[in-house]
Protein chains: 2
Amino acid sequence: MTQQTEILKCDCNVIHQEVVDLVRTTMPSQDKLQELSQLFKVFGDPTRLKILSALFKSEMCVCDMATLFNMTQSSISHQLSVLKQARLVNYHREGKVVYYGLDDQHIQQIFDQGYLHIQER
Amino acid sequence: MTQQTEILKCDCNVIHQEVVDLVRTTMPSQDKLQELSQLFKVFGDPTRLKILSALFKSEMCVCDMATLFNMTQSSISHQLSVLKQARLVNYHREGKVVYYGLDDQHIQQIFDQGYLHIQER
DNA sequence: TGAACATATGAACAAGTGTTCATATGATAA
DNA sequence: TTATCATATGAACACTTGTTCATATGTTCA
């Protein structure tokens, strides 16, 4: 049976009920879409891509990245905290210096979920 | 020679010049990063992911999508224009109805660039 | 302990984003 | 032509985001 309890925000008439019903059965869950778009959003900033791209090559401290990208230490630090929250990077402190690297394990996990795959050229 | 003409926004001392220099040589260009992050940004919204996910299954008109997602026609239309600009979808008009589908050719082109790959589960 | 330094973090701000509302456009049919 | 309908679009709005500035935290060394 077609759902009739839904609130109709669409002010036009449904043209293809079969199509709508077919697609409905195979849509990813709202949670899944939310999670996936959240991940894409993290990749959707040049600074964060820069950081990830650099860390792909080598572990680095905040100061290294600030120098390399010619950006303030604060800005890098803020973006690193976003990447930390997304569990894309991890870090370890050695004295005053904090070294960041890719969180390979979680990144692998993301790819294992099968929704996306980033490969080198 | 290490670049010395750059403006140093970083208020700390470089810790690992070798690392910085090494990574610098292999960084994607600013343009490439801008382009890639722009693409990710388009994927970084649940509504747009919904639309793409649906179109992956079947061509649909705006009204179908508005009904399926229980959203206003206007909102869908605005998002479709974003996807159109990113050349992720194309469309053809049949009378009053406009049908949208994935722009397979450009999507393939994106994957061919080798930076990302989205696969089905 | 206190100075020096790498990093983190909160507040402020400008710029960008997604939705809604009202309305325009473009097509059909009477 | 006029009414109707599907879609597009501009303006307004609340909300989010990325950077900067000032300052806090944590560590080392004298």
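The analysis underlying the following values was restricted to heavy atoms, covering all of them including side chains, and did not include hydrogens, waters or symmetry mates.
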K.L.:
In whole Å, I'd like the distance from the CZ atom of B/Arg93 to the P atom of C/dG26.
P.N.:
8 Å
K.L.:
Indicate yes or no: at least one non-hydrogen side-chain atom of A/Met27 is less than 4.5 angstrom from one of B/Ser53.
P.N.:
yes
K.L.:
At under 4.0 Å between heavy atoms, what does A/Ser81 touch on the DNA or RNA strands: base, sugar-phosphate, or nothing?
P.N.:
nothing
K.L.:
Would the base of C/dA8 count as contacting A/Gln73 through its side chain, where contact means a donor and an acceptor less than 3.5 Å apart?
P.N.:
yes
K.L.:
Decide side chain to side chain contact (heavy atoms under 4.5 Å, CB included) for A/Lys84 and A/Tyr100; before the verdict, give the C-alpha distance in whole Å, the side-chain angles of both, and the deciding distance to 0.1 Å.
P.N.:
CA-CA 10 Å; A/Lys84 241 186 297 181; A/Tyr100 282 86; 3.5 Å; yes
K.L.:
Taking OH in A/Tyr99 as the centre, count heavy atoms belonging to other residues, nucleotides or ligands within less than 6.0 Å. Is the count above 12?
P.N.:
yes
K.L.:
CE of B/Met71 versus P of C/dG18: gap in Å, rounded?
P.N.:
10 Å
K.L.:
After noting the C-alpha distance and the side-chain angles of A/Thr26 and A/Leu22, does the key distance pass the side chain to side chain contact (heavy atoms under 4.5 Å, CB included) rule?
P.N.:
CA-CA 7 Å; A/Thr26 58; A/Leu22 167 72; 5.5 Å; no
K.L.:
Have a look at A/Tyr100 and say if it touches a base, only the backbone sugar-phosphate, or nothing, with a 4.0 Å heavy-atom cut-off.
P.N.:
sugar-phosphate
K.L.:
Give, for atom CD of A/Gln73 and atom OG1 of A/Thr67, the distance between the pair rounded to the nearest 0.5 Å.
P.N.:
10.5 Å
K.L.:
Expressed in angstrom and rounded to an integer, what is the separation of A/Gln85 atom CD from D/dT17 atom C1'?
P.N.:
13 Å
K.L.:
Can you measure B/Gln79 atom CD to D/dT7 atom P for me and round it to whole angstrom units?
P.N.:
16 Å
K.L.:
Mapping A/Tyr99 and B/Ser75 to their closest nucleotides on DNA chain C, which lands nearer the 5' end?
P.N.:
A/Tyr99
K.L.:
If you find the nucleotide of DNA chain D closest to A/Lys96 and the one closest to A/Val82, which residue's nucleotide is nearer the 5' end?
P.N.:
A/Val82
K.L.:
Just wondering, more than 12 heavy atoms not from A/Gln105 lying within 6.0 Å of its CD?
P.N.:
no
K.L.:
Tell me whether the side-chain N/O atoms of A/Thr47 come closer than 4.0 Å to OP1 or OP2 in D/dT19.
P.N.:
yes
K.L.:
In this structure, how many angstroms lie between the P atom of C/dA8 and the OH atom of A/Tyr91, rounded?
P.N.:
8 Å
K.L.:
Is the phosphate of D/dT20, meaning OP1 or OP2, less than 4.0 Å from a side-chain N or O of A/Thr72?
P.N.:
yes
K.L.:
Take the C1' atoms of the five end pairs on each side of the helix from C/dT1-D/dA30 to C/dA30-D/dT1, get both axes, and report the angle to 10 degrees.
P.N.:
10°
K.L.:
Roughly how far, to the nearest 0.5 Å, is the CG atom of A/Leu52 from the CG atom of A/Leu88?
P.N.:
6.0 Å
K.L.:
Identify the pairs formed between an N or O of the protein and an N or O of nucleotides 10-17 of chain C at a distance under 3.5 Å, and give each distance.
P.N.:
residue : atom : partner : partner atom : Å
C/dG10  : O6   : A/His78 : NE2          : 2.8

K.L.:
Tell me if the NZ atom of A/Lys57 is crowded by more than 12 foreign heavy atoms within 6.0 Å.
P.N.:
no
K.L.:
D/dT17 P sits how many Å from A/Leu80 CG, rounded?
P.N.:
17 Å
K.L.:
In whole angstrom, what separates B/Phe40's CZ from D/dG18's P?
P.N.:
15 Å
K.L.:
Rounded to whole angstroms, how far apart are NZ on A/Lys84 and P on C/dT7?
P.N.:
11 Å
K.L.:
Using a cut-off of 6.0 Å, state whether more than 12 heavy atoms not belonging to B/Glu18 lie near its atom CD.
P.N.:
yes
K.L.:
Side-chain contact test, heavy atoms from C-beta onward, threshold under 4.5 Å: evaluate it for B/Gln30 versus A/Lys50 and give yes or no.
P.N.:
yes
